[in-house]
Protein chains: 2
Amino acid sequence: MARVTSFDIAALAGVSQPTVSRALSGNPAVSAETRARVFAAAEALNYKVDKNASNLRRQATRTLALLFFEDPAPGETQINPFFLSMLGAITKRCAVAGYDLLISFQQLSGNWHVDYEDARRADGLILLGYGNYLEYLPRLEQLVQQGTHFVRWGSLRPGQLGTTIGSDNLGGGLAATRHLIERGRRRIAFIGTANEGAPEFLDRCEGWRAAQAEAGLVADPALMRAANSSEEEGYAAARDLLAAGAAFDAIFCVSDLVAIGAMRALAEAGRHVPDDVAVVGFDDQPAASLTSPPLTTVAQDARHAGTVLVETLLDRLRGEIPSPQALPARLVVRGSS
Amino acid sequence: MARVTSFDIAALAGVSQPTVSRALSGNPAVSAETRARVFAAAEALNYKVDKNASNLRRQATRTLALLFFEDPAPGETQINPFFLSMLGAITKRCAVAGYDLLISFQQLSGNWHVDYEDARRADGLILLGYGNYLEYLPRLEQLVQQGTHFVRWGSLRPGQLGTTIGSDNLGGGLAATRHLIERGRRRIAFIGTANEGAPEFLDRCEGWRAAQAEAGLVADPALMRAANSSEEEGYAAARDLLAAGAAFDAIFCVSDLVAIGAMRALAEAGRHVPDDVAVVGFDDQPAASLTSPPLTTVAQDARHAGTVLVETLLDRLRGEIPSPQALPARLVVRGSS
DNA sequence: CCAACAAAGGCATACGTATGCAGCCACAGG
DNA sequence: CCTGTGGCTGCATACGTATGCCTTTGTTGG
């Protein structure tokens, strides 16, 4: 395991160490012949640049860090598969750009133990996941003060810190609710947490409200129930809705998981989907097409989102000031509506 | 963004740079009083160790790299949620141990383009994912020759390279098939690719065979169909089985996805689950409890698996030679059997 | 035939940290 | 009062690379 350094290959190629460095990095001041000798020697000794030394010298890491915020739910939380696809796209885009990716799962409730540390190990940060937005706002301010570059997956609002990329949640909520109205539904319930702590969900809720207003309908507060993005809460919320005795012929759910839970509650109560109640979810998770009936939902392109996140961050690192960007959310109609 | 170095905090604390280094790393040769001054100064200037410099000096990175092998299927493959839970557990265990985690998604078919170890970016490797085992065997040999430490998620076999951790696939296959036999099934089909390229699946198949042998039954080759871990292939395999006209009253599927596809084919053919045909899957993915009827399956504890992987790798790094380990696979009985 | 110039590569050094070694000081034992 | 010992800290240096600057060599024009 004797370390192969640039000196070794310099000796083999009969040149100096700096020449090796220049040759390998494509510096044009090196003659073609010398370059060839250097490459041959490097190949022969299986030489690889020591990134620690290289980064130290160049004062850059060529590494991005991904901070994933998990819901602080106790025990085994079911992580959203949406983010996994995103993760795949992110790693790929990083690899293509020659960046490494450092990943860290964060408990939002606990200490945000990375902040400065990761800011130093990486050239830029990608912030991802669900959780109370207000809770980590102070951290974002901190990052901005440090001059740390970061992009965030979330809901677009004016005057936000850093660059935010997110789905067109409002548009998705509009599309879903318009669809239900077109199908003749008039009493549309909404299940999902809608407050400033979860801006994505708030936007989807706003779409629900606006689509009804367009059609001359009134979004009935009595048909709203809170639920975070879990099946259990969706189930509980739907049961509560049923128990309250309110009349409704459709539910727009803030996520597929919630919708799946709601459908379970409906089935138990003997309500048929979609004849009695139509259900629409959000995300288009793999599980969405497995329910019976298959779930109508609003699809977000996770892989595209991941790619955009990385590209936006790289833009920032290059000194550009990329604008926030809303990615299309597309209605996928299946059997549940 | 002027860089804060250990010299800065040395100046502020009125000591030398080496003393700062020692104080921060907990070297007992530093007096408590000095240590306190150093910590105060570091806190005041928000100093964080430069890991590039530190790693370079110490010739160790305190970083692990995770190589995730994706199936080389074209387009948007549906990544197994099982691995996401595992990923979460891995990152957590790394954080606890003070290690960072680099992640890279690899196309098994393409070049293995990351050389974290060569580039001194990571102290050890975790290899994960599905794919043809035989295809990356040469790479493993390469790693061993370089003296690289790695652990692998896969199937345990005698004489394997590195340390392998995996589920008790044989035991899981046995449990699943015994369960079907106890339920009175006598003609049990198997859907799944069973060859040396996918050793996990081969083991599960062997469980299917052995359980029948125990009961004096014969595993009928006519009831076997190949399918990789996708719903589509499960669907196609089950259709093929039905078309062949073979009599069977149960199917043991190599994964939940395959089972879900198979159940779809059965439903289309008018076969009732579980009355006509019992179905058992493998993995206990979240989707497994959503099917109708809910899927009986063999659960693997992904989070535990991730933890064990990291701990095993850390053992290796400490110079121990950990044994391969098979983690329990537990039958979860639901409505499909 | 000499000066001017370009091309190519070597020399020296800096990046920030960790650690072997030596030095200093205080205190205790003789 | 001198020497030995141990606790603490400073000095010097090395990790491997990248780059500014200078030297060398070869070429060209006057």
Check the distance between [N]'s [atom2] and [X]'s [atom1] and give it to me in whole angstrom.
{"X": "Arg57(B)", "N": "dT17(D)", "atom1": "CZ", "atom2": "P", "value": "16 Å"}
{"X": "Leu24(A)", "N": "dT19(D)", "atom1": "CG", "atom2": "P", "value": "13 Å"}
{"X": "Asp8(A)", "N": "dC15(D)", "atom1": "CG", "atom2": "C1'", "value": "14 Å"}
{"X": "Asn52(A)", "N": "dG16(C)", "atom1": "CG", "atom2": "C1'", "value": "12 Å"}
{"X": "Phe7(A)", "N": "dA18(D)", "atom1": "CZ", "atom2": "P", "value": "11 Å"}
{"X": "Lys48(A)", "N": "dT17(D)", "atom1": "NZ", "atom2": "P", "value": "13 Å"}
{"X": "Gln17(A)", "N": "dG16(D)", "atom1": "CD", "atom2": "C1'", "value": "7 Å"}
{"X": "Arg58(B)", "N": "dC15(D)", "atom1": "CZ", "atom2": "C1'", "value": "12 Å"}

Exercise. If you look at every heavy atom in Gly306(B) and Ala89(B), which pair is closest and at what distance?
Worked result: CA-CB, 4.2 Å
Exercise. How far apart are the closest heavy atoms of Gln17(B) and Ser6(B), and which atoms are they?
Worked result: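 Smallest interatomic distance, heavy atoms only, reads CG-OG, 3.2 Å.
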Verify the distance criterion only: is there a donor paired with an acceptor across the side chains of [X] and [Y] at less than 3.5 Å?
{"X": "Arg152(B)", "Y": "Thr163(B)", "answer": "no"}
{"X": "Thr61(B)", "Y": "Asn55(B)", "answer": "no"}
{"X": "Gln300(A)", "Y": "Ser167(A)", "answer": "yes"}

Exercise. Tell me, which of residues 30-39 of chain A have any heavy atom that sits under 4.0 Å from an atom in DNA chain C?
Worked result: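 The stretch gives Val30(A), Ser31(A), Thr34(A) as the residues lying under 4.0 Å from the strand, ordered by number.
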Seminar exercise, completed: One would report the end-axis bend of the helix from dC1(C)-dG30(D) to dG30(C)-dC1(D), five pairs per end and rounded to 10 degrees, as 50°
Seminar exercise, completed: Rounded to the nearest 0.5 angstrom, the CZ-CG distance for Arg93(B) and Leu313(B) is 11.0 Å
Seminar exercise, completed: Here the gap from His304(A) atom NE2 to Met86(A) atom CE, rounded to the nearest 0.5 Å, amounts to 11.5 Å
Exercise. What's the closest nucleotide to the Ser21(B) side chain, out of dG10(D), dA18(C), dC11(C)?
Worked result: dA18(C)
Is the phosphate of [N] approached by [X] (side-chain N or O, under 4.0 Å from OP1 or OP2)?
{"X": "Gln59(B)", "N": "dA18(C)", "answer": "no"}
{"X": "Thr19(B)", "N": "dG10(D)", "answer": "yes"}
{"X": "Ser16(A)", "N": "dG9(C)", "answer": "no"}

Exercise. Taking C-beta and beyond as the side chain, do Thr63(A) and Leu101(A) meet within less than 4.5 Å on heavy atoms?
Worked result: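 Not touching, per the 4.5 Å side-chain cut-off.
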For this session: Using a 4.5 Å cut-off on heavy atoms from C-beta on, say whether the side chain of Leu327(B) contacts that of Trp153(B).
Result: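 In contact.
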[options] screened by side-chain contact (heavy atoms from CB on, under 4.5 Å) with [X], the one that passes:
{"X": "Leu66(B)", "options": "Leu127(B), Leu87(B), Val310(B)", "result": "Leu87(B)"}
{"X": "Val151(A)", "options": "Thr312(A), Leu128(A), Leu314(A)", "result": "Thr312(A)"}
{"X": "Phe150(A)", "options": "Leu64(A), Leu125(A), Thr164(A), Ile126(A)", "result": "Leu125(A)"}

Exercise. For Val15(B) and Ala53(B), take the nucleotide of DNA chain D holding the closest heavy atom to each; which residue's nucleotide lies nearer the 5' end?
Worked result: Val15(B)
Problem set entry | Protein proximity profile, nucleotides 21-28 of chain D - base contact B, sugar-phosphate-only contact S, no contact -, cut-off 4.0 Å on heavy atoms | --------
For this session: Would you classify Thr5(A) as touching base, sugar-phosphate or nothing, given that sugar-phosphate means primed atoms plus P, OP1 and OP2, and contacts are heavy atoms under 4.0 Å?
Result: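 Sugar-phosphate only.
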